[in-house]
**Q** 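This structure is in structure tokens; I'll ask about it shortly.
The first residue in the sequence is number 1, and the count goes up from there. Nothing here was measured: the structure is a model prediction, and the numbers come from that model.
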Amino acid sequence: MKSIALFGATGSIGSSTLDVISHYPERYEVFALTANSRIDELVQLCKRFKPKIALVADSSRQQELRASLTEQGLSGIEVWAGQRAMAELAQLPEVDIDVLAIVGAAGLVPTFAAAQAGKRLLLANKESIVCGGSLLMKTIKETGAELLPVDSEHNAIFQCLAGADEKARADARLILTASGGPFRLRKDLSAVTPEEACAHPTWHMGQKISVDSATLMNKGLEVIEASWLFGFDPDRIDVVVHPQSLIHSMVQYADGCILAQMGAPDMRTPIAYSLAWPDRLDGHAQRVDFSQVGSVTFEAPDLDRFPQLAYAYEALKRGGATSIVLNAANEIGVQAFLTRQIGFTDIARLCRRLMDTFIPEAPATLEDIFAIDAMARVKAQEEIAQWLR
């Protein structure tokens with residue numbers, strides 16, 4: 001029996017994780033559930049899974065969570081709150097597996113805490129690696145923590161690299177696949193609405209990730225992430241658009257042979273693989289029927305319409321704090337787009353502006369990462385304010 005702390009339980013990855021866990025009560029118990037501010041949803045999950053700890057990241061809502069749990073007859077569940085509590089939870093000896101499904105830079109605290117404690121991390125938080133890749137991988141090497149990527153693309157690469165020795169890896173290339181998002185065939189993106197950007201053609205995801213997929217920023221973040229996770233230079237990482245989302249990523253070896261990981265576009269599959277690794281569990285996702293698939297297609301990404309993918313490669317090559325700046329600018333831009341302050345193409349415009357004007361020194365500590373991230377967000381908000389005058 002493995003005990004699990006699920007960070008970001010009310011999001012789409014959290015929901016898929018709980019669905020997988022629910023099929024294996026003899027293997028897994030939910031020790032703790034966390035949410036940022038969605039109290040009602042967190043309480044309902046607590047009612048179903050009966051964790052020992054419920055945590056709300058927004059400290060001002062701790063009493064509200066406690067009262068809501070008491071109303072449901074769940075007063076025996078401990079109520080925690082705040083960033084420091086998240087770090088403590090990630091390091092509890094009673095927890096065997098930390099599932100990091102928090103969206104955005106807020107996921108850095110529990111991710112680094114879990115790594116420092118030598119835990120098994122199921123990581124679905126891109127920003128932890130995008131912003132702190134060097135420090136995080138160094139920590140994992142020092143503590144012996146196990147990092148298993150949950151993102152379908154990186155999970156696919158992890159599987160395709162299984163058994164490859166150092167020489168084979170050194171001569172290989174990574175090929176990340178992208179669905180192309182909802183605007184793959186749309187030429188004019190100037191009038192895109194938040195509703196359109198959030199309507200992903202193949203994946204069901206939260207708003208922020210859906211917008212990132214629509215701009216291809218999501219794929220750019222994954223390029224940065226793959227470089228740190230697997231030790232590949234950006235020149236050995238390719239991106240190809242594959243609208244059917246059947247092949248989740250590939251590895252091409254020196255002899256030209258390509259290994260591809262395939263499956264239905266369902267996050268339960270990589271989650272189940274990561275939970276049980278090196279064993280395999282049935283994630284209860286839909287099985288692929290090749291007689292019904294028809295054709296699969298591939299095409300190059302359009303970097304003119306989706307420049308943020310190119311910005312990610314640039315940030316990775318420039319190094320230092322550039323990825324932190326890019327990520328922060330994108331988060332601020334996406335939020336401003338979702339609240340209709342700026343247009344869809346202005347997200348990329350904001351990222352370009354910040355990368356050109358804010359060039360801080362490389363971070364040496366987690367505190368440095370937060371400081372650079374905070375300053376980049378301030379500068380991004382100031383830039384938007386100037387546009388709105």
**Q** Among the clusters formed by ILVMFWY side chains lying less than 4.5 Å apart, do Val334 and Phe183 turn up in the same one?
**A**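 Linked, Val334 and Phe183 end up in one cluster.
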**Q** Can a side-chain donor-acceptor contact be found between Gln244 and Thr297 if the only test is distance below 3.5 angstrom?
**A**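 On atom types as modelled, these side chains qualify, holding a pair under 3.5 Å.
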**Q** Would you call Arg48 and Ser22 a side-chain contact if the rule is heavy atoms closer than 4.5 Å?
**A** yes
**Q** Tell me if the CG atom of Asp171 is crowded by more than 12 foreign heavy atoms within 6.0 Å.
**A**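 Enclosed: over 12 neighbouring heavy atoms sit under 6.0 Å from CG of Asp171.
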**Q** CD of Gln91: more than 12 outside heavy atoms within 6.0 angstrom?
**A**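 Counting neighbours around CD of Gln91, more than 12 heavy atoms of other residues, nucleotides or ligands fall under 6.0 Å, so yes.
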**Q** State, to 0.1 Å, how close Asn155 and Pro149 come at their nearest heavy-atom pair, and which atoms those are.
**A** ND2-O, 2.9 Å
**Q** Can you get from Ile175 to Phe158 by hopping between Ile, Leu, Val, Met, Phe, Trp and Tyr side chains that sit under 4.5 Å apart?
**A** no
**Q** Counting N and O atoms only, with roles assigned by atom type, does the side chain of Thr143 sit under 3.5 Å from a partner on the main chain of Ala117, one being a donor and the other an acceptor?
**A**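 Looks like no, no N/O pair under 3.5 Å.
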**Q** Linking I/L/V/M/F/W/Y whenever any side-chain heavy atoms sit under 4.5 Å apart, do Val240 and Phe230 land together?
**A** no
**Q** Under a 4.5 Å side-chain heavy-atom rule over Ile, Leu, Val, Met, Phe, Trp and Tyr, are Val223 and Met250 clustered together?
**A**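 Val223 and Met250: separate clusters.
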**Q** Taking all non-hydrogen atoms of both residues into account, name the closest pair between Phe337 and Gly343 and its distance.
**A** CD1-C, 3.7 Å
**Q** So, the side chain of Thr322 versus the backbone of Gly319: is there a donor-acceptor pair under 3.5 Å, distance only?
**A**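 At least one qualifying donor-acceptor pair exists.
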**Q** Taking Asp58 for the side chain and Asn36 for the main chain, is one N or O donor matched with an acceptor at less than 3.5 Å?
**A** no
**Q** Go through the steps for Asp346 and Arg349 under the test side chain to side chain contact (heavy atoms under 4.5 Å, CB included), then give the verdict.
**A** CA-CA 5 Å; Asp346 288 329; Arg349 176 187 169 199; 3.4 Å; yes
**Q** Are Leu316 and Tyr313 close enough that some pair of their side-chain heavy atoms sits under 4.5 Å apart?
**A**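 With C-beta onward as the side chain, the pair stays apart.
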**Q** Could you tell me the separation between the NZ atom of Lys119 and the CD1 atom of Ile140, rounded to the nearest 0.5 Å?
**A**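 Here the rounded value is 14.0 Å.
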**Q** What is the distance from atom SG of Cys131 to atom CG of Leu221, rounded to the nearest 0.5 Å?
**A** 8.5 Å
**Q** Is the backbone of Ile332 close enough, under 3.5 Å, to the side chain of Arg377 for a donor and an acceptor to pair up by distance?
**A**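 Pair absent, no side-chain N/O of Arg377 close to backbone of Ile332.
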**Q** Any chance CD of Glu195 has more than 12 other-residue heavy atoms, nucleotides or ligands included, within less than 6.0 Å?
**A** yes
**Q** Report the C-alpha distance between Ile4 and Leu275 in whole Å, list the side-chain angles of each, state the deciding distance to 0.1 Å, and finish with yes or no for side chain to side chain contact (heavy atoms under 4.5 Å, CB included).
**A** CA-CA 10 Å; Ile4 295 172; Leu275 279 172; 3.7 Å; yes
**Q** Once rounded to the nearest 0.5 Å, what's the spacing between atom OG of Ser323 and atom CD1 of Ile129?
**A** 11.5 Å
**Q** Report yes or no: does Ser213 contribute a side-chain atom to a donor-acceptor pair with the main-chain N or O of Ser210 at less than 3.5 Å?
**A** no
**Q** Can you confirm whether Lys126 sits close enough to Asp212 that some side-chain heavy atom of one is under 4.5 Å from a side-chain heavy atom of the other?
**A** no
**Q** Can you check whether Glu196 reaches Phe344 side chain to side chain, under 4.5 Å on heavy atoms?
**A** no
**Q** As a quick check of understanding, evaluate side chain to side chain contact (heavy atoms under 4.5 Å, CB included) for Thr177 and Ser245, giving each step before the final call.
**A** CA-CA 8 Å; Thr177 56; Ser245 297; over 6 Å; no
**Q** Taking the side chain as every heavy atom from C-beta outward, state whether Met262 and Val288 have any pair of such atoms under 4.5 Å apart.
**A** no
**Q** Does Arg318 have more than 12 heavy atoms from other residues, nucleotides or ligands lying within 6.0 Å of its CZ?
**A** yes
**Q** Ignoring hydrogens, what is the shortest heavy-atom contact between Val325 and Met355? Give both atom names and the distance.
**A** CG1-N, 4.3 Å
**Q** Should the heavy atoms of other residues, nucleotides or ligands under 6.0 Å from CE of Met137 be counted, would the total exceed 12?
**A**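 Yes - once you tally the heavy atoms of other residues, nucleotides and ligands closer than 6.0 Å, there are more than 12.
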**Q** Taking the side chain as every heavy atom from C-beta outward, state whether Val109 and Phe370 have any atom pair closer than 4.5 Å.
**A** yes
**Q** Determine whether a donor-acceptor pair (N or O, by modelled atom type, separation under 3.5 Å) exists between the side chain of Asp151 and the backbone of Glu153.
**A** no
**Q** Decide yes or no for Glu142 and Lys138: does some side-chain heavy atom of the first lie under 4.5 Å from some side-chain heavy atom of the second?
**A** yes
**Q** For Gln386 and Arg389, does a side-chain donor sit closer than 3.5 Å to a side-chain acceptor?
**A** no
**Q** Mind listing the closest non-hydrogen atom pair of Met1 and Glu26 along with its distance?
**A**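 Met1 and Glu26 have their closest heavy atoms at CE-O, 3.7 Å.
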**Q** Does Arg173 make a cation-pi contact with Phe232, if we ask for NZ or CZ under 6.0 Å from the ring centre and within 45° of the axis?
**A** no
**Q** Roughly how far apart are Leu161 CG and Gln261 CD, rounded to 0.5 Å?
**A** 12.0 Å
**Q** Atom CG of Leu100 and atom OG1 of Thr111: how far apart are they, to the nearest 0.5 Å?
**A** 3.5 Å
**Q** Check for a donor-acceptor pair, side chain of Ser152 on one end and backbone N or O of His248 on the other, with a separation under 3.5 Å.
**A**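 Answer holds: no.
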**Q** Give a yes or no on whether Lys208 atom NZ has more than 12 heavy-atom contacts from other residues, nucleotides or ligands under 6.0 Å away.
**A** yes
**Q** Answer yes or no: is there a side-chain heavy-atom contact under 4.5 Å between Ile39 and Arg61?
**A**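 Result yes, sub-4.5 Å side-chain heavy-atom pair found.
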**Q** I'd like to know whether CD of Gln286 has more than 12 heavy-atom contacts from other residues, nucleotides or ligands below 6.0 angstrom.
**A** no
**Q** Please answer whether the main-chain N or O of Pro265 pairs with a side-chain N or O of Thr269 as donor and acceptor at a distance below 3.5 Å.
**A**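 Answer holds: no.
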**Q** Looking at every non-hydrogen atom in both residues, tell me the closest pair between Val241 and Ser179 and how far apart they are.
**A**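 The pair with the smallest heavy-atom distance is CG1-O, 3.8 Å.
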**Q** Hey, is the main chain of Asn327 close enough, under 3.5 Å, to the side chain of Asn330 for a donor-acceptor pair?
**A** no
**Q** Identify whether Val251 and Leu246 are in the same connected component of the hydrophobic contact network (ILVMFWY, side-chain heavy atoms under 4.5 Å).
**A** no
**Q** Verify side chain to side chain contact (heavy atoms under 4.5 Å, CB included) between Tyr24 and His284, making sure each step is shown before the conclusion.
**A** CA-CA 11 Å; Tyr24 299 97; His284 295 270; 3.8 Å; yes
**Q** With a sphere of 6.0 Å drawn around CZ of Arg353, does it hold more than 12 non-hydrogen atoms of other residues, nucleotides or ligands?
**A**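 Counting neighbours around CZ of Arg353, 12 or fewer heavy atoms of other residues, nucleotides or ligands fall under 6.0 Å, so no.
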**Q** Taking all non-hydrogen atoms of both residues into account, name the closest pair between Ile157 and Ser249 and its distance.
**A**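 Reported closest heavy-atom pair: CG1-CB, 3.7 Å.
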**Q** Picking from Gln62, Glu88, Met86, what satisfies side chain to side chain contact (heavy atoms under 4.5 Å, CB included) with Trp80?
**A**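 Going through the options one by one, the only one that passes is Glu88.
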